[in-house]
Amino acid sequence: MARRAKQLSETEVKNAKAKDGKQVTFFDGGGLFLLVSASGSKGWRFKYRFLGKDKLMSFGPYPEVSLLNARDLRAEAKKLIVRGIDPMQDRSDRREQKKAVLENTFKRVALEWHENQTHLAESTRKLNLRRLAKDIFPQIGNMPIVEIKPKQVLDKVLRPMERRGVGVLALRVKSITSQVFRYGVACGYVERDPTTDLLGALKKVERGHMAAITEPSKLGPLLRAIDDYDGYAVVKHALQLAPMLFVRPGELRAMKWSDLDFETSEWRYVVPKTKTDHIVPLPRQALDVLKSLHDLTGAGELVFPSIRTISKPISDNTLNAGLRRMGFTKEEVSAHGFRATARTLLEEILHEKVEYVEQQLAHCVKDPLGRAYNRTTHLEERRKMMQRWADYLDGLK
């Protein structure tokens with residue numbers, strides 16, 4: 001009968017010491033041994049053979065790693081060897097994975113996601129970044145993305161926003177958070193999007209429409225107030241054009257002199273939201289406003305530069321702030337609401353064809369066969385419609 005290799009006892013390990021100022025080795029069998037250095041420190045080592053090469057692996061110091069712990073580590077290492085896995089390489093790989101987990105915080109992945117959203121309008125990208133910075137990063141930004149649970153998103157990010165009374169914004173923030181997680185799934189940073197488990201967790205919010213005036217009797221006083229506006233002249237001109245051209249406020253703010261053709265009376269640009277070409281026929285009244293403004297800003301690129309710098313347009317809130325300065329509340333009217341005003345009155349009062357109005361709103365309009373109209377379709381009809389609209393607004397004033 002083969003003799004069983006002698007194993008160490010807890011007492012032997014505890015009392016093990018260096019001899020004559022030299023390190024000493026105490027074997028436990030199966031490749032495991034305790035190494036006592038000349039200074040007296042103790043550490044576990046595991047000697048094994050992998051792919052024809054002798055290797056030595058550290059299991060850590062004693063007493064932090066006990067005898068039983070060391071034996072468990074030896075057993076786990078031998079199981080890996082049987083499976084054709086190098087224990088030391090496996091440990092190195094696990095450390096790298098853990099390091100990657102700690103480095104891939106929600107904030108890091110979110111910023112990477114943001115950089116890849118080049119298909120979005122710049123104003124939308126800036127808005128998303130502000131929401132990340134204000135409502136998401138302070139709460140979960142520094143957490144490893146793989147460790148974030150649904151309840152943490154709910155309790156740390158969304159519930160506080162509900163308590164602040166910004167339920168609609170909370171839904172938007174939830175959507176942004178979800179997009180970051182889905183990007184993380186695609187890139188291998190995380191296994192799944194935990195926000196999918198939050199369905200029904202937030203309070204139902206009634207979404208309101210952008211405030212808009214759709215009654216002619218109320219629109220006239222607003223138009224007169226705009227003509228009497230005594231604030232920043234650039235803002236006044238923008239407000240005069242907003243109801244007349246009824247484009248999205250972001251498109252109006254970004255208007256460039258190079259996109260305007262005074263000979264053909266057209267404004268041509270690419271709609272940021274849809275990345276499609278768009279033509280706005282300019283009625284006589286719009287040309288008068290633009291020619292008046294040219295004396296102020298015509299030397300620069302932007303038609304409506306900010307008061308602080310000519311390299312940037314007036315801000316998102318500038319037009320609404322101008323309306324508030326004139327005494328109109330956010331429940332009465334908004335810059336975006338001029339689109340609803342035109343959509344309603346052009347159809348109901350002027351009886352214009354709906355497809356012409358929708359085309360002019362830069363919505364996707366299809367013909368009876370389901371084909372999208374191109375950018376020049378019905379241009380002459382829309383040109384006449386825009387002039388009738390401008391004349392109608394003059395009549396209301």
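In this text, all values refer to a predicted model and were calculated from it rather than measured experimentally.
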Peer 1: Does one side chain, of S178 or D193, offer a donor that lies under 3.5 Å from an acceptor on the other?
Peer 2: yes
Peer 1: If I take atom OG1 from residue T264 and atom CG from residue D261, how far apart are they, to the nearest 0.5 angstrom?
Peer 2: 3.0 Å
Peer 1: Just by distance, do the side chain of E332 and the backbone of T329 share a donor-acceptor pair under 3.5 Å?
Peer 2: yes
Peer 1: Verify whether one side chain among R172 and N128 offers a donor that lies under 3.5 Å from an acceptor in the other.
Peer 2: yes
Peer 1: Where do T297 and W257 come nearest, in terms of heavy atoms and distance?
Peer 2: O-NE1, 3.1 Å
Peer 1: Using a strict cut-off of less than 4.0 Å between a Lys/Arg side-chain nitrogen and an Asp/Glu carboxylate oxygen, indicate whether R343 and E358 qualify as a salt bridge.
Peer 2: yes
Peer 1: Is the ring pair W44/Y62 parallel, tilted or perpendicular, if the boundaries are 30 and 60 degrees?
Peer 2: perpendicular
Peer 1: Does any non-hydrogen side-chain atom of L111 lie less than 4.5 Å from one of L132?
Peer 2: no
Peer 1: Taking only Lys NZ, Arg NE, NH1 and NH2, and the carboxylate oxygens of Asp or Glu, determine whether D28 and R74 approach each other closer than 4.0 Å.
Peer 2: yes
Peer 1: Would you call the rings of F137 and F106 parallel, tilted or perpendicular if under 30° counts as parallel and over 60° as perpendicular?
Peer 2: perpendicular
Peer 1: Which value, rounded to the nearest 0.5 Å, describes the distance between L260 atom CG and M255 atom CE?
Peer 2: 5.5 Å
Peer 1: Nearest 0.5 Å, what's the NZ-CD1 distance between K236 and I226?
Peer 2: 10.5 Å
Peer 1: Please check this pair: side chain of W389 against backbone of P243, looking for a donor-acceptor N/O pair closer than 3.5 Å.
Peer 2: yes
Peer 1: Assess whether a salt bridge exists between R388 and E352, defined as any Lys/Arg side-chain N lying under 4.0 Å from an Asp/Glu carboxylate O.
Peer 2: yes
Peer 1: Does a side chain donor of either Q359 or H378 reach within less than 3.5 Å of an acceptor in the other side chain?
Peer 2: yes
Peer 1: Which pair of non-hydrogen atoms, one from Q152 and one from I140, has the smallest distance, and what is that distance?
Peer 2: O-CG2, 4.5 Å
Peer 1: Between the side chains of R94 and D90, is the shortest nitrogen-to-carboxylate-oxygen separation below 4.0 Å, so that they form an ion pair?
Peer 2: yes
Peer 1: Minimum heavy-atom separation for N320 and A335, please, with both atom names.
Peer 2: OD1-N, 2.8 Å
Peer 1: Using a cut-off of 6.0 Å, state whether more than 12 heavy atoms not belonging to E10 lie near its atom CD.
Peer 2: yes
Peer 1: Salt bridge between R91 and D86, side-chain N to carboxylate O under 4.0 Å?
Peer 2: no
Peer 1: Using modelled atom types and a 3.5 Å cut-off, is there a donor and acceptor pairing between side-chain atoms of R382 and backbone atoms of I279?
Peer 2: yes
Peer 1: Between S306 and T309, does any side-chain donor sit less than 3.5 Å from a side-chain acceptor?
Peer 2: no
Peer 1: K42 side chain to V13 main-chain N or O, any donor-acceptor pair under 3.5 Å?
Peer 2: yes
Peer 1: Are the side chain of T344 and the backbone N or O of T341 linked by a donor-acceptor pair below 3.5 Å?
Peer 2: no
Peer 1: Enter the distance from L219:CG to T214:OG1 here, rounded to the nearest 0.5 Å.
Peer 2: 9.5 Å
Peer 1: Please answer whether the main-chain N or O of H114 pairs with a side-chain N or O of R125 as donor and acceptor at a distance below 3.5 Å.
Peer 2: yes
Peer 1: If you take all heavy atoms of P87 and Y48, which pair is closest and at what distance?
Peer 2: CD-CE1, 3.6 Å
Peer 1: Would you call E380 and R383 a salt bridge, using N to O less than 4.0 angstrom?
Peer 2: yes
Peer 1: What I want to find out is whether K151 reaches D197 closely enough, with some N-O distance under 4.0 Å, to be called a salt bridge.
Peer 2: no
Peer 1: Answer yes or no: is there an ion pair linking D259 with R268, defined by an N-O contact shorter than 4.0 Å?
Peer 2: no
Peer 1: Quick check against the 3.5 Å criterion: does R131 have a side-chain atom that pairs as donor or acceptor with the backbone of V173?
Peer 2: no
Peer 1: Establish, yes or no, whether a centroid distance under 6.0 Å links the rings of Y269 and H278.
Peer 2: yes
Peer 1: Following the transitive rule for hydrophobic clusters with a side-chain heavy-atom cut-off under 4.5 Å over Ile, Leu, Val, Met, Phe, Trp and Tyr, establish whether F262 and V280 coincide in one cluster.
Peer 2: yes
Peer 1: Checking D391 against Q387: is there a side-chain donor and acceptor pair closer than 3.5 Å?
Peer 2: yes
Peer 1: Transitively linked via ILVMFWY side-chain contacts under 4.5 Å: F27 with L34?
Peer 2: no
Peer 1: Side chains of Q240 and Y229: any donor to acceptor distance under 3.5 Å?
Peer 2: no
Peer 1: Can a donor-acceptor pair be found between the side chains of S9 and T11 at a distance below 3.5 Å?
Peer 2: no
Peer 1: Find out if a path of hydrophobic residues (ILVMFWY) with successive side-chain heavy-atom gaps under 4.5 Å connects W267 to L296.
Peer 2: yes
Peer 1: Tell me whether R164 is salt-bridged to D135, with the criterion being a basic N under 4.0 Å from an acidic carboxylate O.
Peer 2: yes
Peer 1: With a 4.0 Å cut-off on N to O distance, would you call D227 and R224 a salt bridge?
Peer 2: no
Peer 1: Let me confirm one number: the OG-CZ distance from S315 to R308, rounded to the nearest 0.5 Å.
Peer 2: 7.5 Å
Peer 1: Are L202 and I176 connected in the hydrophobic side-chain network, where two residues link if heavy atoms are under 4.5 Å apart?
Peer 2: yes
Peer 1: Treat each ILVMFWY residue as a node, draw an edge where side-chain heavy atoms are under 4.5 Å apart, and state whether L302 and L239 are in one component.
Peer 2: no
Peer 1: Quick one: closest heavy-atom pair of A16 and F26, and the distance?
Peer 2: CB-CE1, 3.6 Å
Peer 1: Decide whether a cation-pi geometry holds between K55 and F50; the criteria are a distance under 6.0 Å from NZ or CZ to the six-membered ring centre and an angle within 45° of the ring axis.
Peer 2: no
Peer 1: Under 3.5 Å, is there a donor-acceptor pair between the side chain of R248 and the main chain of E251?
Peer 2: no
Peer 1: Are F246 and F338 an aromatic pair, judged by ring center distance below 6.0 Å?
Peer 2: no
Peer 1: Which pair of non-hydrogen atoms, one from A225 and one from M326, has the smallest distance, and what is that distance?
Peer 2: O-SD, 3.3 Å
Peer 1: Whether the side chain of R159 engages the backbone of L154 through a donor-acceptor N/O pair (distance < 3.5 Å, no angle test) should be reported.
Peer 2: no
Peer 1: Are any side-chain N or O atoms of K19 and backbone N or O atoms of A38, one a donor and one an acceptor, separated by less than 3.5 Å?
Peer 2: no
